[in-house]
J.: 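One structure is given below, represented as structure tokens, and several questions about it will come after.
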Amino acid sequence: MFKIGCHLSASKGYLDMAETCEKIGANTFQFFTRNPRGGKAKDIDQEDIEKFYEKAKKIGIDVILAHAPYTLNCASSDERIRDFAKQTMKDDLLRMEYTPNNLYNFHPGSHVGQGIDIGIKNIVEILNEVLTKEQTTTVLLETMAGKGSEIGRNFQELKQIIDGIELKEKIGVCLDTCHVNDAGYDIVNNLEGVLDEFDKIIGLDRLKAIHINDSKNEIGTHKDRHEKIGEGKIGIDAIERIINHPKLRELPFLLETPNELDGYEEEIKLLRKIYKN
Ligand code: FE
Ligand code: FE
Ligand code: ZN
């Protein structure tokens with residue numbers, strides 16, 4: 001079954017997000033665990049969760065993707081910044097257990113001048129402290145565009161992080177199509193080659209979700225500016241190949257395109273039309 005959805009506001013809780021999915025034809029969604037700048041998270045409401053599951057069952061939501069605040073920086077040279085990231089992720093992962101067996105995505109971080117190896121060492125250290133054997137959530141490293149000193153701009157850097165993790169079974173990857181394009185991977189003309197490379201370096205079994213975005217910028221520009229589906233440099237033909245690729249088509253696809261709900265509804269309709277059942 002085609003799992004397609006978009007980023008939604010979590011401000012009214014889980015049931016509200018499921019109801020929005022029903023309205024716009026989605027059967028999965030992404031949401032921020034808290035204010036993107038990393039404030040305190042809302043308390044979990046058990047009744048909201050129960051009602052959410054009723055609705056989710058009815059409309060066929062079987063996986064959801066939480067996104068960590070994008071300001072967390074596990075790679076930072078500043079211990080306070082790393083500690084804040086660690087505490088936030090710990091708390092997020094506890095909260096995720098109210099909706100077990102789902103996905104939690106985060107941006108690996110930026111090394112801000114101290115070098116990739118130290119940045120990666122810092123990320124690994126935090127992951128080894130926050131991951132627990134008991135958790136049912138899979139934590140995803142997002143492929144990044146390589147803006148500034150972002151870590152995760154190529155598959156090798158993600159692999160280097162994964163190599164350092166003790167509980168490897170709790171780790172996966174979320175591939176963002178805008179980011180990998182901007183990072184220099186030719187998913188437009190050579191999707192097969194890019195997926196082969198991903199498989200050789202990381203292993204496609206680690207790939208758990210796709211952020212399906214077009215890009216405002218040319219390949220390799222390291223910009224990270226998302227565009228509406230079909231209106232950017234990736235284009236609708238490449239997006240059609242991505243969502244139908246035998247190695248990708250069963251994954252959840254999440255839109256993070258510059259849209260309001262009606263725009264998302266249109267894009268979901270379009271993607272459903274070009275998805276080969
Ligand atoms: Fe992201
Ligand atoms: Fe993304
Ligand atoms: Zn982005």
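Start at 1 and go down the list; that is how both ligands and their atoms are numbered.
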J.: Considering just N/O/S atoms, say which atom of Glu256 is closest to the Fe ion (ligand 2).
T.: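 Closest N, O or S atom of Glu256 to the Fe ion (ligand 2): OE1.
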J.: Using only atom types and a distance under 3.5 Å, with no angle test, would you say the side chain of Asp182 pairs donor to acceptor with the backbone of Lys147?
T.: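 Here the side-chain-to-backbone pair does not exist.
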J.: Just give me the atom name: the N, O or S atom of His67 closest to the Fe ion (ligand 1).
T.: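 The closest N, O or S atom of His67 to the Fe ion (ligand 1) is NE2.
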J.: At the Fe ion (ligand 2), what is the angle formed between atom ND1 of His211 and atom OE2 of Glu142, rounded to the nearest 10°?
T.: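 ND1 of His211, the Fe ion (ligand 2) and OE2 of Glu142 span an angle of about 90°.
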J.: Rounded to 10 degrees, what angle sits at the Zn ion (ligand 3) between His179 NE2 and Asp224 OD1?
T.: 90°
J.: Is it true that Phe155 and Tyr185 have ring centroids separated by less than 6.0 Å?
T.: yes
J.: Going by the salt bridge (charged side-chain N to carboxylate O under 4.0 Å, His left out) test, name the single residue among Arg34, Lys42, Lys40, Lys86 that passes it with Asp91.
T.: Arg34
J.: In terms of ring plane angle, is the pair His67 and Phe32 parallel, tilted or perpendicular, where the classes change at 30° and 60°?
T.: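 Geometry flag for Phe32 against His67: perpendicular rings.
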J.: Would you check if the Zn ion (ligand 3) lies under 2.8 Å from any N, O or S atom of His226?
T.: yes
J.: With a cut-off of 2.8 Å, does any N, O or S atom of His107 fall short of it relative to the Fe ion (ligand 1)?
T.: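 Here the distance criterion (N, O or S atom, under 2.8 Å) is met by His107, so yes.
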J.: Which of these, Asp176, Thr257, Asp224, Asn181, sits in a side-chain hydrogen bond (donor to acceptor under 3.5 Å, both in side chains) with Asn213?
T.: Asp176
J.: Out of the N/O/S atoms in Asp176, what is the name of the one closest to the Fe ion (ligand 2)?
T.: OD2
J.: Quick one: are the ring centres of Phe106 and Tyr104 less than 6.0 Å apart?
T.: no
